[in-house]
Amino acid sequence: MEESGVEIEIGHFCGISQDVNKAICHTWWLAMAKTSELKTSEESIQVKFVKEEDAITMITREDFKKELKRLLIPQPHPFYLVFYG
C-alpha cells in the first residue's frame with residue numbers, strides 16, 4: 001500500500017538519487033496502480049493522478065524535476081543522481 005492509499009504492483013528498480021549535503025538518499029521504482037481510490041496521509045494534504053507531462057510542470061524544485069525526468073527515461077536503468085543541495 002502506497003502513502004496515498006493506492007495499492008500498487010512494483011515493476012522494476014530504476015535508480016538512486018542522493019542529496020549529499022542533506023544526507024538524503026532516495027530509491028526509485030516504477031509501479032502500476034492496482035486501485036484508484038486516493039486518500040491523504042500525514043505526508044500529504046492533497047493527492048490526485050496527473051499525466052507525466054503535467055507532473056513535470058507542477059514541480060517547482062529543479063532537483064525534483066530532474067529526478068522525475070530521469071525516472072521516466074526507460075533506459076539506461078539503473079541510474080544514480082547526485083545533488084549538493
Side-chain angles (χ1 to χ4, degrees):
M1 191 66 72
E2 212 271 329
E3 289 90 350
S4 61
V6 175
E7 185 179 339
I8 61 170
E9 181 177 317
I10 295 176
H12 72 272
F13 173 68
C14 296
I16 294 174
S17 62
Q18 178 182 14
D19 186 324
V20 175
N21 292 345
K22 296 179 183 173
I24 298 171
C25 188
H26 294 115
T27 305
W28 296 95
W29 299 81
L30 281 182
M32 296 293 297
K34 294 178 77 177
T35 59
S36 60
E37 188 174 331
L38 299 169
K39 66 178 181 178
T40 58
S41 70
E42 292 179 3
E43 297 182 19
S44 61
I45 56 174
Q46 180 184 16
V47 292
K48 64 181 177 178
F49 287 106
V50 296
K51 295 178 184 175
E52 294 169 358
E53 58 270 11
D54 293 337
I56 292 169
T57 63
M58 294 168 72
I59 296 171
T60 57
R61 286 186 48 171
E62 287 304 314
D63 55 339
F64 288 179
K65 268 188 197 187
K66 186 174 181 177
E67 288 172 325
L68 180 58
K69 287 178 180 178
R70 185 59 193 89
L71 179 68
L72 297 174
I73 299 171
Q75 295 298 327
H77 282 166
F79 60 81
Y80 176 63
L81 297 174
V82 178
F83 300 101
Y84 297 92

Trainee: Going by the rule side chain to side chain contact (heavy atoms under 4.5 Å, CB included), which residues pair with E62 if we only count those two or more places apart in sequence or in a different chain?
Mentor: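 By the side chain to side chain contact (heavy atoms under 4.5 Å, CB included) rule, E62 matches K65.
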
Trainee: Could you pull out all residues at least two apart from D63 that satisfy salt bridge (Lys or Arg N to Asp or Glu O under 4.0 Å)?
Mentor: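 By the salt bridge (Lys or Arg N to Asp or Glu O under 4.0 Å) rule, D63 matches R61.
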
Trainee: If you group Ile, Leu, Val, Met, Phe, Trp and Tyr whenever their side-chain heavy atoms sit less than 4.5 Å apart, what else falls in with I45?
Mentor: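 For I45, no cluster forms, as it stays isolated from other hydrophobic side chains.
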
Trainee: So, using side chain to side chain donor-acceptor pair (under 3.5 Å) as the criterion, who are the partners of Y84 when residues are at least two apart?
Mentor: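 Not a single residue meets the side chain to side chain donor-acceptor pair (under 3.5 Å) criterion with Y84.
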
Trainee: Locate the shortest heavy-atom distance separating D54 from T57; write the atom from each residue and the value.
Mentor: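 Looking at all heavy atoms of both residues, the closest pair is O-OG1, 2.8 Å.
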
Trainee: With rounding to the nearest 0.5 Å, note down the distance linking CE in M32 to CD in E9.
Mentor: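 One gets 8.0 Å once the value is rounded to the nearest 0.5 Å.
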
Trainee: Evaluate the criterion side-chain contact (heavy atoms from CB on, under 4.5 Å) for residue pair K22 and F83; output intermediate values, then yes/no.
Mentor: CA-CA 9 Å; K22 296 179 183 173; F83 300 101; over 6 Å; no

Trainee: Show every ring-ring contact (aromatic ring centres under 6.0 Å, His included) that has at least one partner inside residues 5-27, sequence neighbours left out.
Mentor: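 Applying ring-ring contact (aromatic ring centres under 6.0 Å, His included) to every pair that reaches into residues 5-27, excluding sequence neighbours, yields H12-H77, F13-W29, H26-W28.
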
Trainee: Check side chain to side chain contact (heavy atoms under 4.5 Å, CB included) between A31 and all other residues, then give those that pass, not counting sequence neighbours.
Mentor: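 Residues passing side chain to side chain contact (heavy atoms under 4.5 Å, CB included) with A31: I8.
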
Trainee: Hey, any chance L71 and I59 share a hydrophobic cluster, counting ILVMFWY side chains that come within less than 4.5 Å of each other, even indirectly?
Mentor: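 Yes, L71 and I59 fall within the same hydrophobic cluster.
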
Trainee: Considering all heavy atoms of both residues, which atom of G15 and which atom of P78 are nearest to each other, and what is their separation?
Mentor: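 Minimum heavy-atom separation between G15 and P78: CA-CB, 4.1 Å.
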
Trainee: Can you list, by chain and residue number, the hydrophobic cluster partners of I24 when the side-chain cut-off is 4.5 Å?
Mentor: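 None; I24 is a cluster of one.
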
Trainee: Quick check: closest heavy atoms across V47 and T40, and the distance to 0.1 Å?
Mentor: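 Heavy-atom minimum between the residues: CG2-N, 4.2 Å.
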
Trainee: Hey, could you give me the OH/CD1 distance between Y80 and I16, rounded to the nearest 0.5 Å?
Mentor: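 One gets 7.5 Å once the value is rounded to the nearest 0.5 Å.
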
Trainee: Is there a side-chain contact between M58 and V50 in this structure, where contact means two heavy atoms from C-beta onward sitting under 4.5 Å apart?
Mentor: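 SC-SC contact between M58 and V50 confirmed.
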
Trainee: Could you measure the distance from the OG atom of S17 to the CZ atom of R70? Nearest 0.5 Å is fine.
Mentor: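 That separation rounds to 11.5 Å.
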
Trainee: Can you pull the side-chain hydrogen bond (donor to acceptor under 3.5 Å, both in side chains) pairs that have at least one residue in residues 42-51, sequence neighbours excluded?
Mentor: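 Every pair satisfying side-chain hydrogen bond (donor to acceptor under 3.5 Å, both in side chains) with a residue in residues 42-51: there are none.
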
Trainee: Check side chain to side chain contact (heavy atoms under 4.5 Å, CB included) between L72 and all other residues, then give those that pass, not counting sequence neighbours.
Mentor: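 Expected list: E52, I56, L68.
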
Trainee: For the pair F79 and I73, evaluate side-chain contact (heavy atoms from CB on, under 4.5 Å) and give the outcome as yes or no after the intermediate values.
Mentor: CA-CA 10 Å; F79 60 81; I73 299 171; over 6 Å; no

Trainee: Rounded to the nearest 0.5 Å, what's the gap from SG on C14 to CG on L30? Could you check?
Mentor: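 Reported value, rounded in 0.5 Å steps: 3.5 Å.
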
Trainee: Kindly compute the distance separating CD (E67) from CG (D19), expressed to the nearest 0.5 Å.
Mentor: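 Answer for the CD-CG pair, E67 versus D19, is 9.0 Å.
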
Trainee: Okay, side chain of T35, backbone of E7: is any donor-acceptor separation there less than 3.5 Å?
Mentor: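 Flag set: sc T35 to bb E7 pair under 3.5 Å.
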
